[in-house]
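When reading the values below, keep in mind they use all heavy atoms of this one structure, side chains included, and skip hydrogens, waters and symmetry mates. Predicted, not measured: the structure shown is a model, and the values here were computed from it.
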Amino acid sequence: QVQLVESGGGSVQAGVSLRLSCAVSGYTYSVNCMGWFRQAPGKEREGVAMIYTGDGSTYYADSVKGRFTISQDNAKNTVYLHMDSLKPEDTAMYYCAAGLILSMTAVQGLGGMPLEDFHDWGQGTQVTVSS
């Protein structure tokens, strides 16, 4: 199994930047993508961004496209989510997840990240953005 530990969350003002980190350990033979999800109180969990580890291809939800950037540092076994121009609506618990997908083409065709394809999850880190 894969162990994931998120960090970097906090309370910030709208318009500022924040970087989340996800430390990855364990056996990753069944992993070909890493994703960031978020869930606000009373709302469904939604996919924010993902990266296909094979070639670095990325996917972003429309709500964060142009503001958030997902990246990976293989040497450090870490996945990052850099968030710029944060908005109050970005407030949520952010989760890092490891998964196995058929292809990025399939994800793009769905128009969203397949929650069921992510098999290991971190505990989450809270991001609160005030206006």
For this session: Could you tell me the separation between the OG1 atom of Thr78 and the CG atom of Leu4, rounded to the nearest 0.5 Å?
Result: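 One gets 11.0 Å once the value is rounded to the nearest 0.5 Å.
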Exercise. What is the distance from atom OG1 of Thr58 to atom CE of Met34, rounded to the nearest 0.5 Å?
Worked result: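 The CE atom of Met34 is 14.5 Å from OG1 of Thr58, to the nearest 0.5 Å.
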For this session: For residues Trp36 and Phe68, establish whether the separation of their ring centroids is below 6.0 Å.
Result: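 Ring-ring flag for Trp36/Phe68: false, centres at least 6.0 Å apart.
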Backbone N or O of [Y] within a donor-acceptor pair of the [X] side chain at under 3.5 Å?
| X | Y | answer |
| --- | --- | --- |
| Thr128 | Thr91 | no |
| Tyr59 | Tyr52 | no |
| Asn32 | Ile101 | yes |
| Glu6 | Gln123 | yes |

Exercise. Using the ring of each side chain (for Trp, its six-membered ring), is Trp121 parallel, tilted or perpendicular to Phe37, with breaks at 30° and 60°?
Worked result: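 Trp121 vs Phe37 ring planes: tilted.
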Problem set entry | Heavy-atom pair with the smallest gap, counting every atom of Arg38 and Ser63 |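 Taking every non-hydrogen atom into account, NH2-OG, 3.4 Å.
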For this session: Could you tell me whether Glu89 atom CD has more than 12 heavy atoms of other residues or ligands within 6.0 Å of it?
Result: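 Yes - once you tally the heavy atoms of other residues, nucleotides and ligands closer than 6.0 Å, there are more than 12.
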For this session: Give a yes or no on whether Gln108 atom CD has more than 12 heavy-atom contacts from other residues, nucleotides or ligands under 6.0 Å away.
Result: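 Counting neighbours around CD of Gln108, more than 12 heavy atoms of other residues, nucleotides or ligands fall under 6.0 Å, so yes.
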For this session: Apply disulfide (SG to SG under 2.5 Å) to Cys96 and list each qualifying residue two or more places apart in sequence or on a separate chain.
Result: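 Disulfide (SG to SG under 2.5 Å) list for Cys96, sorted by chain: Cys22.
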Exercise. Which pairs with one or both residues in residues 11-20 pass side chain to side chain donor-acceptor pair (under 3.5 Å), sequence neighbours excluded?
Worked result: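 The answer is Ser17-Asp84.
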Problem set entry | Inter- and intrachain pairs under salt bridge (Lys or Arg N to Asp or Glu O under 4.0 Å), touching residues 61-80, at least two apart |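 Listed by first then second residue: Asp62-Lys65, Arg67-Asp90.
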